[in-house]
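Report on one structure; see the data block that follows.
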There are 2 protein chains.
Amino acid sequence: MKEPLGRAEAEEYASWFKALADATRIQLVSLLARRREPMTVGEIVEVSGVGQSTVSHHLKILAEVRFVLVERRGTSSLYRINENCVSCFPTAADVVMGKPVPEPPVCD
Amino acid sequence: MKEPLGRAEAEEYASWFKALADATRIQLVSLLARRREPMTVGEIVEVSGVGQSTVSHHLKILAEVRFVLVERRGTSSLYRINENCVSCFPTAADVVMGKPVPEPPVCD
DNA sequence: ATCGTTAATCGACGATAGTCGATACTTTAA
DNA sequence: TTAAAGTATCGACTATCGTCGATTAACGAT
């Protein structure tokens, strides 16, 4: 029988799911996904109604697993969905099947 | 343009991902997935090395989203993976594409 | 160089979540 | 009915997380 996941792998898997385990982050992802163009933090703050520092905090978490990509343009930061990461994001079936934990893809 | 997810839907999505956003729960799922037969809480406690009340607590969380199914047999509780739920578990792409939040499937 | 704009970081607070030991509950066996 | 076994729940503690306001840092314009 195949061995169950060790603690280290389990934590790696969990860190992926943690990125989407918050309603605010789900909303930010949903918002970015519905805009063709990248959005600045200020725009996101306006539309979402969440505080600026809070938005920045959540975007950082999403960026750490490369779910979103950031590009600095002048004094602004442009955030957009990383389509590559969306497709590499692990599924529940991956956990059950014991698939190796994906690494966040390196992009631009 | 399609509307981004509202708060209520975002929280429903988040509650799915929260179920797998903990390393211990990932390990329990992984363990159950690799055993053909259902396991009792006692067996899971032995193999996982986690305290009995902690195991019970995590199994309850997994059962609430029907990721695992429980069947009482005598004084024991038999837990097993719910294959239906594994396949209906939302993916990151579902969030991005604005797919309706899945309902945990009703089983047996 | 300074000022204004934008975003990231810091510090603090309350809320939530994970863990454990102890206790209560449920079911079977005697 | 009692006792024993197995599990769920409770209470407490700690750690982590989400949020906000304030501050700092980075950049462009004047």
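These figures come from a predicted structure and were not determined experimentally. So you know, we letter chains A, B, ... as the sequences are listed, proteins then strands, and number each from 1.
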Task: A:K60 side chain, from C-beta outward: closest of C:dT9, C:dT19, D:dT7 - done: C:dT9

Task: Separation of atom CD1 in B:I61 from atom C1' in D:dT9, rounded to whole Å - done: 14 Å

Open item on the list: If hydrophobic clusters are built by linking Ile, Leu, Val, Met, Phe, Trp and Tyr wherever their side-chain heavy atoms come under 4.5 Å apart, do B:I44 and B:V47 end up in the same one?
Closed with: yes

Task: A:E71 atom CD: more than 12 heavy-atom contacts under 6.0 Å - done: yes

Task: Presence of A:S56 side-chain N/O under 4.0 Å of C:dA8 phosphate oxygens OP1/OP2 - done: yes

- [ ] For B:E46 and D:dT7, give me the distance from atom CD to atom P, rounded to whole Å.
- [x] 10 Å

Open item on the list: Both A:A21 and B:G42 contact DNA chain D. Which one's nearest nucleotide lies toward the 5' end?
Closed with: B:G42

Task: From D:dA5, C:dT19, C:dG21, nucleotide with atom closest to A:R7 side chain - done: C:dT19

Open item on the list: Nearest to the B:S53 side chain among D:dG18, D:dT9, C:dA8, which nucleotide is it?
Closed with: D:dT9

Task: Rounded interatomic separation in angstrom, taking CD from B:E43 and P from D:dG6 - done: 11 Å

- [ ] Determine the contact category for B:S76: base if any of its heavy atoms lies under 4.0 Å from a base atom, sugar-phosphate if only primed atoms, P, OP1 or OP2 are that close, otherwise nothing.
- [x] sugar-phosphate

- [ ] Could you check if a side-chain atom of B:V86 sits within less than 4.5 angstrom of a side-chain atom of B:F67, using non-hydrogen atoms only?
- [x] yes

Task: Nucleotide nearest A:R72 (side chain, heavy atoms from C-beta), chosen from C:dC20, C:dA7, D:dT19 - done: C:dA7

Open item on the list: Measuring from the side chain of A:Y79 (C-beta onward, heavy atoms only), which nucleotide among C:dA8, D:dG18, D:dA8 has the closest atom?
Closed with: C:dA8

Task: pair A:E43-A:Y79: side-chain heavy atoms closer than 4.5 Å - done: no

TODO: Side chain of B:Q52 only, please: which of C:dT6, C:dC20, D:dT7 is the nearest?
DONE: D:dT7

TODO: Nearest whole angstrom, please: distance from the C1' of D:dT16 to the CD of A:E11.
DONE: 13 Å

Open item on the list: In this structure, how many angstroms lie between the C1' atom of D:dT16 and the CZ atom of B:R25, rounded?
Closed with: 13 Å

Open item on the list: Mind checking if A:H57 touches a base, just sugar-phosphate, or nothing, with heavy atoms under 4.0 Å?
Closed with: base

- [ ] Give A:T54 one of three labels, base, sugar-phosphate or nothing, depending on what nucleic acid heavy atoms sit under 4.0 Å from its own.
- [x] base

Task: Protein-nucleotide distance (B:H58, atom NE2; C:dA17, atom P), rounded to Å - done: 12 Å

- [ ] To the nearest Å, give me how far apart CG (A:L62) and C1' (C:dA8) are.
- [x] 16 Å

Open item on the list: Once you apply a heavy-atom cut-off of 4.0 Å, does A:S77 come out as touching a base, just sugar-phosphate, or nothing?
Closed with: sugar-phosphate

Open item on the list: Quick check: is A:L78 connected to A:L69 through a chain of hydrophobic side chains (ILVMFWY, heavy atoms under 4.5 Å apart)?
Closed with: no

- [ ] Take atom CD1 of B:I44 and atom C1' of D:dT7, then tell me their distance rounded to the nearest Å.
- [x] 11 Å

